[in-house]
Protein chains: 2
Amino acid sequence: MKPALKAETEDCSYISQMLSRVGDKWTVLVVTYLGEGSMRFSELQRRIGGISQKMLTVTLRNLERDGFVSRTVEPSSPPRVSYELTALGHELLVPVTGIAEWTRANIGRIEAARQAFDRSQNG
Amino acid sequence: MKPALKAETEDCSYISQMLSRVGDKWTVLVVTYLGEGSMRFSELQRRIGGISQKMLTVTLRNLERDGFVSRTVEPSSPPRVSYELTALGHELLVPVTGIAEWTRANIGRIEAARQAFDRSQNG
DNA sequence: CAGGATCCTCCTAGATACTG
DNA sequence: CAGTATCTAGGAGGATCCTG
């Protein structure tokens, strides 16, 4: 039996990974769009706009590996590959939405702080 | 009066900034330590461990600019500079803790998904 | 259509040296 | 002590070419 410290250290590693993941450039955007329902690769790319094939592929692979997204291939020609959120993926939206809503509610305070800070630096 | 779309687009920019901020390597760690109370630069660096002077400086400046941290200088020699969370900084801990707790609660499901994914890739 | 493989570029972050 | 300035390496992300 490992001491509690070990377990908490491991937890921190996972927490850090998740914060980093949701903080990357595309993950939250992809998850948000998939929150509307199942979607194909090209449709996702078109709707997001500005994401390269490579980054969409990488982002989806990461999400699939962690169990947030499921990938379905219809064996046809040309192939149709669709993605959708798993239950875990939908649940992830809850805490992420928490930060988003907190930010939206506090934009005014943040912006005021920035302007005050920038003024104090220039003056 | 701007249309709603404009406002939402601007919100997304802020939300993206905040997600990116809390997703960077040191911000959450610094905020968490400062959550315990006011702390000096060197104490913060020693307790966090592994963070360079430069990155601690940059992280603190960003937090200060956004109004999450306040900086106090005692004019002495050598100078004593201490940092503490503002009210806004303490409030930020709430949604961030939300993601952290969600992650901690779901580590098992994530880890299981990863192992299943990795097995399916190798086999 | 979906995505693998490359190449390239920029930014982040770390190391180091210096200052008030 | 608490920074600033400079240099550099590594990784994230974009552009492009190619394939089943």
Side-chain angles (χ1 to χ4, degrees), chain A residues 13 16-31 33-34 37-66 69-84 117-118 120-122, chain B residues 13 16-31 33-34 38-66 69-84 117-118 120-123:
Chain A
S13 169
S16 175
Q17 284 172 36
M18 280 304 304
L19 288 169
S20 172
R21 177 68 50 84
V22 303
D24 78 12
K25 195 169 179 180
W26 301 110
T27 293
V28 167
L29 219 48
V30 168
V31 171
Y33 275 100
L34 286 181
S38 173
M39 215 169 292
R40 294 180 58 190
F41 185 92
S42 53
E43 183 182 2
L44 208 40
Q45 183 173 23
R46 179 164 32 79
R47 295 194 54 189
I48 292 179
I51 187 172
S52 65
Q53 289 178 354
K54 174 184 165 183
M55 290 316 299
L56 183 53
T57 300
V58 168
T59 303
L60 286 169
R61 282 296 164 281
N62 285 332
L63 287 170
E64 190 190 356
R65 178 168 187 264
D66 285 355
V69 161
S70 65
R71 179 175 181 270
T72 308
V73 183
E74 296 177 36
S76 59
S77 182
R80 298 173 64 92
V81 181
S82 58
Y83 296 87
E84 64 180 332
F117 181 87
D118 293 346
S120 72
Q121 299 304 90
N122 299 332
Chain B
S13 168
S16 175
Q17 284 172 36
M18 280 304 305
L19 287 169
S20 172
R21 177 67 51 83
V22 303
D24 78 11
K25 194 169 179 178
W26 301 110
T27 294
V28 168
L29 218 48
V30 168
V31 171
Y33 276 100
L34 287 181
S38 174
M39 215 170 292
R40 294 181 59 190
F41 186 92
S42 53
E43 183 182 2
L44 208 41
Q45 182 173 23
R46 179 166 31 79
R47 295 195 55 188
I48 291 179
I51 187 172
S52 65
Q53 288 177 353
K54 175 185 166 184
M55 290 316 300
L56 182 53
T57 300
V58 168
T59 302
L60 286 168
R61 281 297 163 283
N62 286 332
L63 288 169
E64 190 190 357
R65 178 168 186 263
D66 285 355
V69 160
S70 65
R71 179 174 181 270
T72 308
V73 183
E74 295 177 36
S76 59
S77 182
R80 299 173 63 93
V81 181
S82 57
Y83 295 88
E84 65 180 331
F117 182 87
D118 293 347
S120 72
Q121 299 305 90
N122 299 333

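Given the structure is predicted, the values throughout are model-derived calculations rather than measurements. In what follows, chains carry the letters A, B, and so on, assigned in the order in which the sequence lines appear, proteins first and then strands, with residues in each chain numbered from 1.
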What residues, two or more places apart in sequence or in another chain, satisfy side chain to side chain donor-acceptor pair (under 3.5 Å) together with [X]?
{"X": "A:Thr72", "answer": "none"}
{"X": "B:Glu84", "answer": "none"}
{"X": "B:Arg46", "answer": "none"}
{"X": "A:Ser42", "answer": "none"}

Contacts table for residues 19-26 of chain A: side-chain donor-acceptor under 3.5 angstrom, sequence neighbours left out:
residue : atom : partner : partner atom : Å
A:Arg21 : NH1  : A:Asp66 : OD2          : 2.9
A:Asp24 : OD1  : A:Trp26 : N            : 3.2
A:Asp24 : OD1  : A:Thr27 : N            : 2.9
A:Asp24 : OD1  : A:Thr27 : OG1          : 2.9
A:Asp24 : OD2  : A:Thr27 : OG1          : 2.8

In Å and rounded to the nearest 0.5 Å, what is the OG to CD distance from A:Ser38 to A:Glu43?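 Separation between the atoms: 8.5 Å.
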Roughly how far, to the nearest 0.5 Å, is the CE atom of A:Met39 from the OH atom of A:Tyr33?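 Those atoms lie 8.5 Å apart.
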Gap between atoms [atom1] and [atom2], on [X] and [N] respectively (whole Å):
{"X": "B:Arg21", "N": "C:dA13", "atom1": "CZ", "atom2": "P", "result": "11 Å"}
{"X": "B:Lys25", "N": "C:dC11", "atom1": "NZ", "atom2": "C1'", "result": "15 Å"}
{"X": "B:Phe41", "N": "C:dT19", "atom1": "CZ", "atom2": "P", "result": "18 Å"}

Look at the side-chain N and O atoms of [X] and state whether any lies under 4.0 Å from the OP1 or OP2 oxygen of [N].
{"X": "A:Arg40", "N": "C:dA2", "result": "yes"}
{"X": "A:Tyr83", "N": "C:dG3", "result": "yes"}
{"X": "A:Arg46", "N": "C:dA2", "result": "no"}

So which heavy atom on A:Leu34 is nearest to which on A:Tyr83, and how close?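 Looking at all heavy atoms of both residues, the shortest contact is CD2-O, 3.5 Å.
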Listed partners of B:Arg40 passing salt bridge (Lys or Arg N to Asp or Glu O under 4.0 Å), at least two apart: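 Partners of B:Arg40 by the salt bridge (Lys or Arg N to Asp or Glu O under 4.0 Å) criterion come out as none, since no residue qualifies.
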With side chains defined as the heavy atoms from C-beta onward, is the minimum distance between B:Glu74 and B:Val81 less than 4.5 Å?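 Side chain of B:Glu74 against side chain of B:Val81, heavy atoms only: no contact under 4.5 Å found.
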Ignoring hydrogens and angles, write down the donor-acceptor pairs under 3.5 Å from the side chains of residues 47-63 of chain B, residues two or more places apart or on other chains.
residue : atom : partner : partner atom : Å
B:Arg47 : NH1  : B:Glu36 : OE1          : 3.1
B:Arg47 : NH2  : B:Glu36 : OE1          : 3.0
B:Ser52 : OG   : B:Met55 : N            : 3.2
B:Thr57 : OG1  : B:Gln53 : O            : 2.9
B:Thr59 : OG1  : B:Met55 : O            : 2.7
B:Asn62 : ND2  : B:Val58 : O            : 3.4

Span of DNA chain D in contact with chain A (heavy atoms, under 4.0 Å):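 Span of nucleotides near chain A: D:dG13 to D:dG20.
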For the helix from C:dC1-D:dG20 to C:dG20-D:dC1, what angle separates the axis at the start from the axis at the finish, each from five pairs, in steps of 10°?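 The angle separating the two end axes equals 40°.
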Interface with DNA chain C, restricted to residues 50-64 of chain A and to heavy atoms under 4.0 Å: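 DNA chain C contact set from residues 50-64 of chain A: A:Gln53, A:Lys54, A:Thr57, A:Arg61.
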